[in-house]
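Structure first, commentary second.
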Amino acid sequence: MNCLKKLKVLGESARYDLCNYVEPGIETYLSGKAPGIYNSTSPNGQCIPLLKVLMTNKCSNDCKYCMNSRSSKLERYEFTPMELSNLFLDYFNKGYVEGLFLSSGASKEMESSMEKEIDVARILRDYGYAGYIHLKILPGTSYELIKRAMSLANRVSINIESATPDGFEELTSTKNFKIDILRRMNWINKLSKKDPDLAPSGQTTQFIVGATDENDEDILKRTQLLYDKYEIKRSYFSAFNPLKDTPLENSIAPHPKRTSRLYQADFLLNSYGFSLDELVFDDAGNIETEIDPKYSFAMNNMDLFPIEINEASFEELLKIPGIGKISAQKIIILRKRGIRIKKLEELKNLGVAIKRAEPFIKLNKSYQSVLNF
Ligand code: SF4
């Protein structure tokens with residue numbers, strides 16, 4: 001079997017594993033250059049092309065949303081570790097990619113699928129490749145194999161898919177939420193703590209949003225728990241896509257803005273000091289899709305506003321729509337130098353989105369504008 005043909009199929013199959021924040025509808029698959037290349041964004045906003053591919057689409061699991069599940073009639077392909085490492089090095093040496101994101105279906109001998117992923121990473125490291133490798137840990141992988149994977153990878157991840165054990169059970173009968181997922185996340189965390197050189201960029205995870213009735217509150221509660229308990233570096237939210245020939249093909253896809261709102265809410269919780277009970281959920285436990293969660297918070301807590309820009313603490317500034325971390329820092333720095341901000345224009349020059357912030361602020365004791373309902 002020709003490697004390029006395998007790459008076309010197994011690169012396409014890897015599309016639903018997220019390695020960065022993806023705005024729904026924006027395709028990150030760079031099909032123009034060569035198959036299997038995706039854009040990933042580093043924490044500092046830099047764009048990094050990765051070869052993102054499955055080792056195999058053979059799978060003994062029955063995840064209902066997945067085109068590779070065991071009941072699917074599609075043709076099955078598999079790379080050997082040598083084929084895949086040669087292919088990666090070819091892409092890398094041509095400057096097409098700067099890193100590898102490797103996942104796999106879990107064939108019957110699940111440990112052997114994981115071993116093959118590890119073999120690819122080992123071959124690349126033996127060759128002298130020192131760049132980025134992200135290995136997907138397959139549910140149920142043994143402690144020893146996880147440790148080996150972490151000794152070779154920069155980052156590892158195991159997909160939680162669902163926020164609750166019940167939701168997880170709705171999606172698959174062959175994996176166990178607590179044992180195959182949470183226990184493995186715990187091992188990864190413990191190994192990282194014991195030896196910080198193991199997968200130094202830590203672990204991430206991914207939720208499939210909208211495949212079950214789980215609401216945004218369930219999902220955000222679970223992400224908080226994962227950050228606190230297993231020190232997950234990032235949660236990715238992948239919008240459920242009802243794929244043809246899967247058991248969920250007739251289900252309804254989530255609202256196109258739902259995952260964006262979840263990312264925004266997750267950001268407020270983890271970077272802006274919001275607590276879960278400050279976020280506004282509707283009666284069904286979901287975030288409003290038409291308004292961003294920070295604006296929604298402000299509208300529901302008008303008694304906290306307007307906030308005097310020249311007196312507010314850093315934390316209070318972060319609660320104001322239109323003010324981000326960098327602009328809040330700039331405001332505090334100016335204040336420490338004894339400079340008071342008197343005009344909206346000055347705020348604008350500090351990077352504040354004036355139109356959004358205006359109804360919620362006072363400048364030099366004067367209220368800037370009122371909300372028009
Ligand atoms: S484990 Fe589930 S999601 Fe992963 S390839 Fe198999 S069926 Fe698909």
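Read the numbers this way: they start at 1 and go in the same order the structure lists the ligands and their atoms.
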Query raised in the report: Hey, is atom 1 (S) of ligand 1 under 4.0 Å from any protein heavy atom?
Result: yes

Query raised in the report: Mind checking whether atom 6 (Fe) of ligand 1 has an N, O or S of C59 under 2.8 Å?
Result: yes

Query raised in the report: Any ion pair linking K319 and E278 (charged N to carboxylate O, less than 4.0 Å)?
Result: yes

**Report entry** Salt bridge present between K136 and E117 (N-O < 4.0 angstrom)
**Finding:** no

Report task. Confirm or rule out an N/O/S atom of C66, from backbone or side chain, lying less than 2.8 Å from atom 8 (Fe) of ligand 1. Result -> yes

Query raised in the report: Hey, do the aromatic rings of F88 and Y129 have their centres closer than 6.0 Å?
Result: yes

Query raised in the report: Does some side-chain heavy atom of F267 sit less than 4.5 Å from a side-chain heavy atom of F274?
Result: no

